[in-house]
Peer 1: 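Take a look at this one; I'll ask things after.
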Amino acid sequence: MGAVGLAGCPSGSDGGGTDEPSSTPTATPGDAPASGDGTDEPMETATDSPTPLGEPVTDVIRVFQANSPSVFDANVWTPQDNTTGMAYMTDLHALQNVHTRQMAYSGTEIETPWKPRTESVSVMTWYTDYEVDAPYDVYESHDDRATYWSGDPFDADAREQHFHVDYFQAGNKFTEDTAFTQEATSQWEYHWWNTDGSGDLPDDAQAQHVLASQAGPNDGDMPLHPDFTAPYLERYRDASNAEAVTAVTDDLASDRISLQRLMENGWGSGPYELRSEDDVGSAKLTLRLRDEAAASAGDTATAHPNAANTNVSKLAIQWGDGDRRQTLASNGALDLNGNIVAPNGLYSRETLPDHMQELTRWLRSSGGDKWRFNWHNPHLQNLWVRRALVAAVDWTAAGTNGWGDARSVPIENHTYLLDAQSQSTFSGEFLNNLHSWPMESDQETAAEYLRRGGYSKQGGQWVDPSGNPAAIDLIYPSSIADYAGAAQTIKANLSNFGFGVNFTSQGWSTWSNNLKASNGLNYDSSIFWHGYGEPFSYYDTVPGWWSGTIAMGKADAPTQKVDADTEMDAQGKPLQVEIPSEVGSIEAPDEAGIDPDLSDGEEINLASIVHELREPGKSESEVQELYRMCARYYNYYLPHFVFHQYTWGAWGNVRDFEWPASGHRGLDYERGFGLSPALILGGLAEASYDTEFQPPE
C-alpha cells in the first residue's frame, strides 16, 4: 500500500485531497460513544474473519527538535525561548489546511486507507467550534474530553487563568486605558472581545470577516496547568504598586518548568506523555501513548481519544542543533521531518537513505519574499523605473539561486497577495484581466520603460533626465543565506542591463535598524519576507519595519498607523492616487511623477480603503470590491515587487511506516508550520506490519 501511495496512485475516494470536511462534525465532540467508555473507537473494517496482522515492525516514531533537556523550559514567560519540543506535549489547537489556511475542528473525520485496522478516524482537537458576534465578540468552544496528563480538565478556566497571567506579565496591571477582555463563560466555552467604546477604552470594532479570521487558532502558547499559573495570578492581583508587580514578573520569568517538573506534575497534554525519568536522556526524550491499556494499568490518569487512532505507542524526540539533525537524517534515524526532498536542497536523495522519501509537497500559501522599495529614493519614485527594474530581472533565476528551483515558485498573479490567496480571493476573470509583469528578464521592455521615464543610455550606463547615473542600493541580512542568491541575481541582471546596484550584506541589527522609519529608512531596496494568513493583512497599514503591508506608518509619525485621510506613508508613497479605470491597464504619461494624472483614471484613497476593510457592516460584495481596489493599485504602481513563494512539505520513513498517499486529505493538515505534529498528535502515523517498500527512482 505504501508503494502504491508513493507512486501517486489514488488511495481512496478523496479526489484532489483539498476539500474541507463538512462544517458539521461527523461525531459531536464530547458525546460518549455507544460503548460508554468516553473514548472514540476507530471504525473496524467489516470482515467475517479478520486476517491477523501480527505486531508492527516498530513501536516508536522519531522526530527532531532544536533544544536540549538541560535547558528545556515549558514556561512561556522566560526571556529565552527554550520551549521547543513542547508542541509534541500538548493537544492540537485545530487542523489547518495547508492549501487554503481554513481550519478544521474536533471531530474531523479522515478516511485512512493506509491503516489496515480502520476505514477512517475522528481526530480530536482542543477547539470544537466558534461563533462571531461582530463587531466585538468571539465565542470559542473546547472539547470536554481534553485533559492534562494529570487527568485535570484542560478547559476554558485554565485558558482564562493562563492569559490573565499573560496580561499582567505584559505590564498592564497599572496601565490606563487597558482591560483584560477575556473570560471563561463556562468550563468549555471561552469568550474574548474587543473594547466596545462604552467607557474610557478606545472603540475597537471589527468586521465579521476579521473577527472570524482571529477565532479558533491552531498555533501559539497552550495554557499552562492552573497549578502553575494560579499562584502568580493571585500575586499579581494582590500587588499594590508597580514595584510589587515587577517582583512577581521577575519570579515568573525565572520559574523554570523542566521536563522532570512537567512529568512529576502531569502538566503536559495530548496523546503522548512523559512517564519516567528513565525516558529523559541527554540526546533523546521518549513519550508514551495515553491509550486504554496504559490507563487500565494505572500508568496514566486518562486515555486520550487520538491514542485509539494509531498503533505507534512511543514518540521519541531527538534533541540537538542543525548539524545533528542533518546527521540523524542521513543515518535514517528520523522517521518524520518537515521539508521537501530535492536536488541541492537541505535534504536530497544523496543525503537520505532510500527508505526516507518525500511524502507530500505543496505551495506555501503564506510564505514568500518580495523586493522592497523605499520611495524616498528619487529613482524609485519614478513609476517607469520601478517597472523597468522588475522587467529587467529574471525572477525565476532569483528564486532558484536563492532557494533552489524545487523550493521557489514564481508569482503568477500580481495582486500583492501570494498566489494561494489570490486564487482563493479573486475570480479567475479578474486575475486574468490584471497585467502580468515579466518573471523572466525582458531587457527590451525594461529599456522601453526607462526611456518613457525620461532616462537615456550613455556608454552602457542608464542616466536619469538630469544626467545622474542610475543606481540604487540593495541590502539584505547576512543571517538569511537564501537572500544572498536572490540579491546577487538582481545585481547581476541589472548590472548587465546598465543600471547600477550597490550590493551590501548586513548584520541583523544593522539591517533591521536601517529599515525602521523612525531611523530615517536608511536604504533604497531590500529583499524582505512576505506572507500573511488573510488578504486584509496584506492590504493594511503597519508602522513597524517588519511590515509586509501595502502601506507603512504615517510620514510625520512613523510609529503610528495611517489615518483614513493620510496623504503619504512613511516610505514616501502617496496614498491618494489615480488608478486606470480599465483593470489591467498600465497606461501612464511619459516621465510620470510620483502621483501621475491619468487621462482615464479613477481616484482612490488607499489609506481609507485599508481602514474600510476592517469596519463592521460591510457586505461581502463591498469587501470584495475593496480587495479589488487594493489589487488594482498594486498591479499598476508596483510599490514593492512580490516575486515568489515557497513550496513546503514533509518526508518520512516508508519502510517502517504507512502514510497517506500524496494528495490524500490526511496530508492536508498541519499545526502552524508543522505537518509532523498534526500527523502524530492526530494519530495518523501508522507503523507498518512489514518492511517492504519501493525505492525511489
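Along the sequence shown, residues are numbered consecutively beginning with 1. Just so you know, these numbers come straight off a predicted model, no measurement behind them.
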Peer 1: Is a side-chain donor or acceptor of Thr566 paired with a backbone partner of Met568 at a separation under 3.5 angstrom?
Peer 2: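 Not confirmed, Thr566 side chain does not pair with Met568 backbone.
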Peer 1: When you measure from the side chain of Thr549 to the backbone N and O of Ala551, does any donor-acceptor pair fall under 3.5 Å?
Peer 2: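 Side chain of Thr549 to backbone of Ala551: a pair is present.
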Peer 1: Rounded at 0.5 Å granularity, tell me how far CG in Asn339 sits from CG in Leu675.
Peer 2: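 It comes to 12.0 Å.
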Peer 1: If you measure from OG on Ser495 to CZ on Phe503, what distance do you get to the nearest 0.5 Å?
Peer 2: 10.5 Å
Peer 1: Is it the case that the side chain of Trp545 and the backbone of Ser518 share a donor-acceptor pair, with hydrogens and angles ignored and the cut-off at 3.5 Å?
Peer 2: no
Peer 1: Would you say the side chain of Val577 lies within less than 4.5 Å of the side chain of Leu606, judging by non-hydrogen atoms?
Peer 2: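 Answer no - side chains too far apart.
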Peer 1: Please verify the inter-ring angle class for His644 with Tyr646; under 30° counts as parallel, over 60° as perpendicular, anything in between as tilted.
Peer 2: perpendicular
Peer 1: Taking it one step at a time, do Val642 and Tyr416 satisfy side-chain contact (heavy atoms from CB on, under 4.5 Å)?
Peer 2: CA-CA 6 Å; Val642 183; Tyr416 199 59; 3.8 Å; yes
Peer 1: Pairing donors with acceptors under 3.5 angstrom, does anything connect the side chains of Asp133 and Trp193?
Peer 2: no
Peer 1: Would Lys554 and Asp569 pass as an ion pair if we require N to O under 4.0 Å?
Peer 2: no
Peer 1: Can you name the nearest heavy-atom pair linking Ala392 to Asn493, along with the distance?
Peer 2: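 Smallest interatomic distance, heavy atoms only, reads O-CB, 3.8 Å.
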Peer 1: Ring centroids only, cut at 6.0 angstrom: are Tyr483 and Tyr476 within range, meaning strictly under it?
Peer 2: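 No - the distance between ring centres of Tyr483 and Tyr476 does not fall below the 6.0 Å cut-off.
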Peer 1: Does the side chain of Gln421 pick up a donor-acceptor pair with the side chain of Tyr538 at under 3.5 Å?
Peer 2: yes
Peer 1: Begin with the C-alpha distance, continue with both residues' side-chain angles, and end with the deciding distance and a verdict on side-chain hydrogen bond (donor to acceptor under 3.5 Å, both in side chains) for Thr175 and Asp177.
Peer 2: CA-CA 7 Å; Thr175 302; Asp177 296 334; over 6 Å; no
Peer 1: I'd like to know if the side chain of Glu578 reaches the main chain of Asp597, judged simply by a donor and an acceptor atom lying under 3.5 Å from each other, with no hydrogens or angles considered.
Peer 2: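 No, Glu578 side chain to Asp597 backbone: no donor-acceptor pair under 3.5 Å.
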Peer 1: Determine which pairs satisfy salt bridge (charged side-chain N to carboxylate O under 4.0 Å, His left out) with at least one residue from residues 448-465, sequence neighbours left out, and list them in order.
Peer 2: Arg452-Asp590
Peer 1: Taking all non-hydrogen atoms of both residues, which atom of Ala342 and which atom of Ala406 are closest, and how far apart?
Peer 2: CB-CB, 3.2 Å
Peer 1: Determine, using ring centers only, whether Phe528 and Trp546 are less than 6.0 Å apart.
Peer 2: no
Peer 1: May I have all residue pairs that pass side chain to side chain donor-acceptor pair (under 3.5 Å) and include part of residues 520-537, sequence neighbours excluded?
Peer 2: Lys370-His530, Trp371-Ser525, Arg372-Tyr523, Asn377-Asp524, Trp511-Ser526, Asn514-Asn522, Tyr523-Gln571
Peer 1: Compare all side-chain heavy atoms of Arg386 with those of Asn382 and state whether any distance is below 4.5 angstrom.
Peer 2: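 A side-chain contact under 4.5 Å is absent here.
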Peer 1: To the closest 0.5 Å, what do you measure between CG (Leu598) and CD1 (Ile579)?
Peer 2: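 Leu598 CG to Ile579 CD1: 9.0 Å, rounded to 0.5 Å.
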Peer 1: Nearest heavy-atom pair of Val562 and Met552: which atoms, and what distance?
Peer 2: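 Scanning both residues, the minimum pair turns out to be CG1-O, 3.3 Å.
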Peer 1: Mind checking ring pair (Phe, Tyr, Trp, His ring centres under 6.0 Å) for Phe163 and listing every partner two or more places apart, or none if nothing turns up?
Peer 2: none
Peer 1: Applying salt bridge (charged side-chain N to carboxylate O under 4.0 Å, His left out), which residue pairs with at least one partner in residues 393-403 are found, sequence neighbours left out?
Peer 2: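 Every pair satisfying salt bridge (charged side-chain N to carboxylate O under 4.0 Å, His left out) with a residue in residues 393-403: there are none.
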Peer 1: We want to know whether Asp442 and Thr445 form a side-chain donor-acceptor pair, criterion being a heavy-atom distance below 3.5 angstrom.
Peer 2: yes
Peer 1: What distance do Ile340 atom CD1 and Thr647 atom OG1 have between them, rounded to the nearest 0.5 Å?
Peer 2: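 Between atom CD1 of Ile340 and atom OG1 of Thr647 there are 3.5 Å.
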Peer 1: Check step by step if ring-ring contact (aromatic ring centres under 6.0 Å, His included) holds for Phe641 and Trp437.
Peer 2: CA-CA 10 Å; Phe641 186 66; Trp437 294 101; 7.9 Å; no
Peer 1: Just do the side-chain hydrogen bond (donor to acceptor under 3.5 Å, both in side chains) check on Glu670 and Trp648 with the steps written out, would you?
Peer 2: CA-CA 11 Å; Glu670 64 179 350; Trp648 197 245; 5.5 Å; no
Peer 1: Not counting sequence neighbours, list each pair that qualifies as a salt bridge (charged side-chain N to carboxylate O under 4.0 Å, His left out) and has a residue in residues 617-638.
Peer 2: Glu602-Arg632, Glu615-Lys618, Glu625-Arg628
Peer 1: Applying side-chain hydrogen bond (donor to acceptor under 3.5 Å, both in side chains), can you list everything that pairs with Thr559, at least two apart in sequence or on another chain?
Peer 2: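 Scan of Thr559 (side-chain hydrogen bond (donor to acceptor under 3.5 Å, both in side chains), adjacent residues dropped) gives none.
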Peer 1: How many angstroms lie between OH in Tyr636 and CD1 in Ile604, if you round to the nearest 0.5 Å?
Peer 2: 11.5 Å
Peer 1: Can you name the nearest heavy-atom pair linking Ser585 to Pro580, along with the distance?
Peer 2: O-CG, 3.4 Å
Peer 1: Testing the 3.5 Å rule here: is there a donor-acceptor pair between the side chains of Gln96 and Arg101?
Peer 2: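 A donor-acceptor contact under 3.5 Å links the two side chains.
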Peer 1: Asp369: which residues meet the salt bridge (charged side-chain N to carboxylate O under 4.0 Å, His left out) condition with it, sequence neighbours left out?
Peer 2: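 So Asp369 forms no salt bridge (charged side-chain N to carboxylate O under 4.0 Å, His left out) with any residue.
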Peer 1: Which residues satisfy the side-chain hydrogen bond (donor to acceptor under 3.5 Å, both in side chains) test with Tyr455, sequence neighbours excluded?
Peer 2: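 Testing Tyr455 for side-chain hydrogen bond (donor to acceptor under 3.5 Å, both in side chains), a comparison that skips the adjacent residues, returns His379.
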Peer 1: Are Leu474 and Asn502 packed together at the side-chain level, in the sense that at least one heavy-atom pair is separated by less than 4.5 angstrom?
Peer 2: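 No; the side chains remain at least 4.5 Å from each other.
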Peer 1: Looking at residues at least two apart in the chain, or sitting in another chain, which of them share a ring pair (Phe, Tyr, Trp, His ring centres under 6.0 Å) with His376?
Peer 2: none
Peer 1: In chain order, what residues pass the side-chain hydrogen bond (donor to acceptor under 3.5 Å, both in side chains) check against Asp595, with sequence neighbours excluded?
Peer 2: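 In terms of side-chain hydrogen bond (donor to acceptor under 3.5 Å, both in side chains), with neighbours along the sequence ignored, Asp595 is linked to no residue.
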Peer 1: side-chain contact (heavy atoms from CB on, under 4.5 Å), that's the test. Do Val76 and Asp81 meet it? Break it down for me.
Peer 2: CA-CA 7 Å; Val76 298; Asp81 183 11; over 6 Å; no
Peer 1: On a heavy-atom basis, which atom in Cys630 and which in Ile609 lie closest, and how many Å separate them?
Peer 2: SG-CG2, 3.5 Å
Peer 1: Might you point out which heavy atoms bring Gly649 and Trp362 nearest each other, and give the distance in Å?
Peer 2: CA-CZ3, 3.4 Å
Peer 1: What distance do Thr181 atom OG1 and Trp192 atom CH2 have between them, rounded to the nearest 0.5 Å?
Peer 2: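 The OG1 atom of Thr181 sits 8.5 Å away from the CH2 atom of Trp192.
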Peer 1: Within a radius of less than 6.0 Å around CD of Glu612, do more than 12 heavy atoms belonging to other residues, nucleotides or ligands occur?
Peer 2: yes
Peer 1: In terms of ring plane angle, is the pair Phe497 and Trp462 parallel, tilted or perpendicular, where the classes change at 30° and 60°?
Peer 2: tilted
Peer 1: Considering only heavy atoms from C-beta outward, does the side chain of Asn413 approach that of Phe426 to under 4.5 Å?
Peer 2: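 Asn413 vs Phe426: side chains apart.
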Peer 1: Within the 3.5 Å criterion, strictly below it, is a donor on Asp204 or Thr195 matched to an acceptor on the partner's side chain?
Peer 2: no
Peer 1: Any sub-3.5 Å donor-acceptor pair from Arg671's side-chain atoms to Ala94's backbone N or O?
Peer 2: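 A pair under 3.5 Å: no.
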Peer 1: Using the salt bridge (charged side-chain N to carboxylate O under 4.0 Å, His left out) criterion, which residues pair with Lys561? Sequence neighbours excluded.
Peer 2: Asp540
Peer 1: Quick one: does Glu567's side chain have a donor or acceptor within less than 3.5 Å of a partner on Pro574's backbone?
Peer 2: no
Peer 1: Give me each pair satisfying salt bridge (charged side-chain N to carboxylate O under 4.0 Å, His left out) with a member in residues 478-494, each pair once, sequence neighbours excluded.
Peer 2: Arg407-Asp482
